[in-house]
Each structure stands twice: as C-alpha cells, then as structure tokens.
**Student:** 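Handing you a structure now.
Scope of the values below: all heavy atoms of this structure, side chains included, with no hydrogens, waters or symmetry mates.
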Amino acid sequence: MKSYSKVLVSLGLGSCLLANTVEDSTLNLWQISYKAETSYDDGYTIEGSSKHFEGSFHYDDGTLFNISGSVDPKLLSSGLAVRDEHVVEIVFEEDSGTVPQLQFRSLEAVTCTENGGFMVCPVNGEFSIRNEWQAISMDIFISEYEGRQWVHAESSVMLSDYDFYKNSRDETLKVADLIEFKIDLLGN
C-alpha cells in the first residue's frame, strides 16, 4: 500500500492512477472550489475557492484503502474579505469562538474500476463541520496528468443535515443550505 500526503478531501475529488502500484508521492492542492445559492429573492450565489489543504490517501493496485483531509474555513475565499469573515463567524465558528477545520475521512477500503482512463473509486465517508460528522458519499477519480497523479472529486453537503444548523435560531445562518464543491489535487 502506498501513502500519499498533502491530499484533499470533502468538500472537494477525482483522478486516476493507471496500472498497479505507484511510487509514494506527495499531492498538493490545486484547488477546492465551492458554490452556495442563497434563499434571497435575487438568486444571490456565493462562490469561492481555497488553495490550502492537508491530508493523505492510500491507494494500491486498484484499491483505495483510505483518504482523509482537512481545510481551514478561514482560508476559503470568495474574493470579498468582509463577506468571508462573516461566513466564517456565522457558519463555521463554534459558540466557544473556535473555528474547527473542515474535515473528510473515508470509512472503508473500496475497489476502484477503470473508466475512460480514470480509476473511479466510490467512497463512503464522513464530513465534519464544527466537529460534527455527517455521512457523505462521492466518486473519487484518480488518473495521471502530465506525468503526475491527479485526484478529483465533486460532491455536496446539506447544512440542514447538521445539528448546529437545525438548532440555530440565527436566520442569517439559514440563507443557504446546499453547498456544492469540487476538489483537485496534483502530485509532484
């Protein structure tokens, strides 16, 4: 089993490793991008990205043994710093004032299948917001891009699945529910 560090996860994963075992390699975040439509009448949508991620995965001979990762919500940027500060405060900050990492982890090893030059790995995992874990499923794609490993994933989370959202009386928090994200990682 080979280890890969500096990988991405949840919110964001797809790519393919061809053939059998691949040498150990560090993966760096290319980008996490996110999109959240609000309930405002004007159809206002918040979009942004981050280029910061920490994590790892273990893949060998067609099996993705595990994948995990985290990103600091303070490093998500929509291009407007004041809005980003308010989103962190409203959505990600706990009552204690701390801002926990957004985290993802797979729950079990999965067999990946080749499809059009990609290895597709159907992953069941958990995604954490404010240290509250909820189930999430996604396909993770593993391939090679210009001689480097590429990992890509796309998925979404519903804030309304989380207790902090359901139990909040803050209507500002509830202007958006569905958060869609894409994650791309590129190896050295």
Side-chain angles (χ1 to χ4, degrees), residues 5-15 26-57 67-106 123 125-141 145 150-187:
S5 56
K6 294 293 179 191
V7 183
L8 121 207
V9 118
S10 269
L11 341 141
L13 322 163
S15 189
T26 299
L27 289 174
N28 299 300
L29 181 62
W30 178 4
Q31 179 172 276
I32 293 173
S33 60
Y34 64 90
K35 176 181 174 181
E37 292 185 21
T38 70
S39 59
Y40 295 125
D41 289 337
D42 63 359
Y44 186 70
T45 299
I46 298 174
E47 296 183 62
S49 65
S50 178
K51 296 189 181 296
H52 302 276
F53 175 86
E54 291 186 15
S56 64
F57 77 96
I67 184 164
S68 64
S70 65
V71 64
D72 185 341
K74 294 177 185 175
L75 298 177
L76 298 172
S77 173
S78 68
L80 186 58
V82 172
R83 176 176 51 210
D84 295 337
E85 290 171 15
H86 288 130
V87 168
V88 167
E89 180 183 326
I90 293 166
V91 178
F92 302 115
E93 187 175 289
E94 294 181 318
D95 293 339
S96 66
T98 61
V99 180
Q101 298 279 305
L102 299 171
Q103 299 178 71
F104 170 85
R105 62 185 175 208
S106 60
V123 173
E126 295 179 309
F127 188 76
S128 172
I129 302 173
R130 290 191 186 187
N131 289 319
E132 181 183 339
W133 293 90
Q134 293 293 329
I136 188 170
S137 297
M138 68 181 83
D139 287 338
I140 295 177
F141 300 85
Y145 176 75
W150 171 41
V151 175
H152 172 82
E154 296 181 25
S155 194
S156 61
V157 295
M158 298 292 291
L159 294 177
S160 57
D161 289 341
Y162 291 82
D163 288 339
F164 76 85
Y165 184 95
K166 287 187 259 189
N167 298 331
S168 176
R169 294 187 178 139
D170 184 352
E171 291 304 314
T172 308
L173 172 62
K174 298 187 179 183
V175 298
D177 189 1
L178 175 68
I179 312 295
E180 299 171 335
F181 62 90
K182 297 177 186 177
I183 300 172
D184 286 288
L185 304 170
L186 206 53

**Student:** Give a yes or no answer on whether the side chain of Asp184 reaches the backbone of Gln31 with a donor-acceptor pair at less than 3.5 Å.
**Tutor:** no
**Student:** Verify whether one side chain among Ser168 and Asp170 offers a donor that lies under 3.5 Å from an acceptor in the other.
**Tutor:** no
**Student:** Could you tell me whether the side chain of Ser106 and the main chain of Ile67 form a donor-acceptor pair under 3.5 Å?
**Tutor:** yes
**Student:** Can you tell me if NZ on Lys174 sees more than 12 non-hydrogen neighbours from other groups inside 6.0 Å?
**Tutor:** yes
**Student:** I'd like to know if Arg105 pairs up with Glu126 as an ion pair, taking the criterion as any Lys NZ or Arg NE/NH1/NH2 lying under 4.0 Å from an Asp or Glu carboxylate oxygen.
**Tutor:** yes
**Student:** Ignoring hydrogens and geometry, is there a side-chain-to-backbone donor-acceptor pair from Arg83 to Ser77 under 3.5 Å?
**Tutor:** no
**Student:** For residues Phe127 and Val157, report the shortest heavy-atom separation together with the two atoms involved.
**Tutor:** CD2-CG1, 3.8 Å
**Student:** Would you name the heavy atoms of Ser137 and Ser155 that are closest together and state the gap between them?
**Tutor:**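 Closest heavy-atom pair between Ser137 and Ser155: O-OG, 3.4 Å.
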**Student:** Taking atom CD of Glu47 and atom OH of Tyr34, what is their separation to the nearest 0.5 Å?
**Tutor:**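 Reported to 0.5 Å precision, the distance equals 9.0 Å.
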**Student:** Looking at Asp95, I want to see if its CG is surrounded by more than 12 non-hydrogen atoms of other residues, nucleotides or ligands under 6.0 Å.
**Tutor:**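 No, the 6.0 Å shell around CG holds no more than 12 heavy atoms from other groups.
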**Student:** Please lay out, stage by stage, how Asp84 and Leu76 fare under the test side-chain contact (heavy atoms from CB on, under 4.5 Å).
**Tutor:** CA-CA 7 Å; Asp84 295 337; Leu76 298 172; over 6 Å; no
**Student:** How long is the gap from CG on Asn131 to CG on Leu102, to the nearest 0.5 Å?
**Tutor:**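 Answer for the CG-CG pair, Asn131 versus Leu102, is 10.0 Å.
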**Student:** For the atom pair CG (Asp161) and NZ (Lys166), what is the distance rounded to the nearest 0.5 Å?
**Tutor:** 6.5 Å
**Student:** Could you go step by step and tell me if Val175 and Ile90 meet the side-chain contact (heavy atoms from CB on, under 4.5 Å) rule?
**Tutor:** CA-CA 11 Å; Val175 298; Ile90 293 166; over 6 Å; no
**Student:** Is the shortest heavy-atom distance from the side chain of Ser78 to the side chain of Val87 under 4.5 Å?
**Tutor:** no
**Student:** Taking the side chain as C-beta and beyond, is there a heavy-atom pair between Asp72 and His52 under 4.5 Å?
**Tutor:** no
**Student:** Do other residues, nucleotides or ligands put more than 12 heavy atoms under 6.0 Å from the OH atom of Tyr145?
**Tutor:** no
**Student:** Taking all non-hydrogen atoms of both residues, which atom of Pro73 and which atom of Val88 are closest, and how far apart?
**Tutor:** O-CG2, 3.6 Å
**Student:** Do you know which two heavy atoms are closest between Phe164 and Val91, and how far apart they sit?
**Tutor:** CE1-O, 3.6 Å
**Student:** Flag the pair Trp133 / Gln103 as yes when at least one side-chain heavy-atom distance between them is below 4.5 Å, and no otherwise.
**Tutor:** yes
**Student:** In Å, rounded to the nearest 0.5 Å, how long is the span from OH of Tyr162 to CG of Leu173?
**Tutor:** 13.0 Å
**Student:** Would you mind reporting whether Glu132 and Asp163 have side-chain heavy atoms less than 4.5 Å apart?
**Tutor:** yes
**Student:** Testing the basics here: between Gln101 and Ser70, what is the closest heavy-atom pair and its distance to 0.1 Å?
**Tutor:**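 Closest pair (atom of Gln101, atom of Ser70, distance): OE1-OG, 3.6 Å.
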**Student:** How many angstroms lie between atom CD1 of Ile46 and atom CD of Glu37, to the nearest 0.5 angstrom?
**Tutor:** 11.0 Å
**Student:** Give, for atom OG of Ser156 and atom NZ of Lys182, the distance between the pair rounded to the nearest 0.5 Å.
**Tutor:**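 Atom-to-atom, Ser156:OG and Lys182:NZ are 12.5 Å apart.
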